[in-house]
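Structure first, commentary second.
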Amino acid sequence: MRKNFGAKPFLYPQPVLIIATYGEDGTPDAMNAAWGGIADTKQIALYLSATHKTVKNILARKAFTVSMADAAHVVEADYVGIVSGNNVPDKLARAGLHTTKSEFVDAPLIDELPMALECKLVRFDEESELLIGEIVNVCAEESILNDEGKIDPSKLCPISFDPVNYAYLKLGEKVGNAFKDGARLK
């Protein structure tokens with residue numbers, strides 16, 4: 001028997017995305033967002049309120065980075081989500097996070113988060129709060145790469161947001177092979 005919850009934003013996994021920008025004065029800023037994902041082969045879609053300092057920065061600079069929050073930085077990732085850059089302009093520094101300027105866009109990379117998408121603004125619809133970015137580069141620290149030079153999720157240790165229990169979950173182990181295991185049913 002199933003239990004009905006009504007219309008809720010319950011979907012697993014919900015990636016914990018840390019969106020980083022530069023403010024008008026060049027100060028790095030970041031926010032935590034769970035409502036986003038890949039929208040096309042070179043686009044990311046995020047649902048963000050225009051009241052966020054990060055959104056104001058994106059609209060001004062037309063650029064941002066999106067890092068996957070990881071298990072080693074749960075506290076820092078949560079902090080940048082519960083503190084507003086409108087009120088705490090140095091929240092990245094207070095979180096103990098450091099940045100390096102992206103080579104590809106006018107936005108910072110968070111040094112402690114080992115993987116990031118570097119993006120240019122495509123459009124933002126204030127009414128729906130949908131922000132679309134073009135992914136111009138993906139960068140990853142060598143420490144999270146496997147022997148073949150590919151990103152190894154077990155080394156990245158990305159976390160997921162649990163919207164039902166308000167928790168962060170570490171993603172689990174490999175359970176199958178995409179585009180291969182289903183072929184057994186043909």
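Starting from 1, each residue takes its place in the sequence as its number.
Note that CG of D147 is 9.0 Å distant from CG of D152, once rounded to the nearest 0.5 Å. Note that CZ of F161 and CG of N32 are 8.5 Å apart. Values are rounded to the nearest 0.5 Å. Rounding to the nearest 0.5 Å gives a distance of 7.0 Å between CG of N86 and OG1 of T51. Note that CD1 of I132 and CD of Q43 are 5.5 Å apart. Values are rounded to the nearest 0.5 Å. Atom CZ of F64 is separated from atom OG of S102 by 11.5 Å, given to the nearest 0.5 angstrom. With rounding to the nearest 0.5 Å, the separation of OG1 in T100 from CD1 in I110 is 10.5 Å.
The number of heavy atoms from other shown groups lying within 6.0 Å of OH (Y166) does not exceed 12. Counting non-hydrogen atoms of other residues, nucleotides and ligands closer than 6.0 Å to NZ of K42 gives a total of 12 or fewer. The environment of OH in Y47 is sparse: at most 12 heavy-atom neighbours from other residues, nucleotides or ligands sit within 6.0 Å. In this structure, K56 places its NZ atom where more than 12 heavy-atom neighbours from other residues, nucleotides or ligands lie under 6.0 Å away.
Minimum heavy-atom separation, P163 to Q14: CG-OE1, 2.9 Å. Considering all non-hydrogen atoms of both residues, P13 and L171 come closest at CB-CD2, 4.0 Å. Heavy-atom minimum distance, V105 versus C119: CG1-O, 3.5 Å. A pairwise comparison of heavy atoms in G96 and E112 identifies O-OE2, 3.6 Å as the closest pair. Of all the heavy atoms in K170 and I159, the pair that sits closest is CA-CG2, 4.4 Å. Closest approach of P108 to Y22, counting heavy atoms only: N-CE1, 3.5 Å.
Classification of D29 and K53 as a salt-bridged pair fails, no side-chain N sitting under 4.0 Å from a carboxylate O.
Proximity of a side-chain donor or acceptor of K62 to a complementary backbone N or O of L121 within less than 3.5 Å is not detected.
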Test I19 against I58 for side-chain contact (heavy atoms from CB on, under 4.5 Å), laying out the working first.
CA-CA 10 Å; I19 303 157; I58 292 170; 4.1 Å; yes
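Hydrophobic clustering (ILVMFWY, side-chain heavy atoms < 4.5 Å, transitive): I135 and L109 are in distinct clusters. In the hydrophobic cluster analysis, where Ile, Leu, Val, Met, Phe, Trp and Tyr join through side-chain heavy atoms closer than 4.5 angstrom, L17 is grouped apart from L113.
At least one side-chain heavy atom of M68 sits under 4.5 Å from a side-chain heavy atom of P15. In this structure the side chain of R123 never reaches within 4.5 angstrom of the side chain of L131, judged on heavy atoms. Counting heavy atoms from C-beta outward, T27 and E24 have side chains that stay 4.5 Å or more apart. For the pair L117/I38, a side-chain contact is recorded, criterion being any heavy-atom separation below 4.5 Å from C-beta on.
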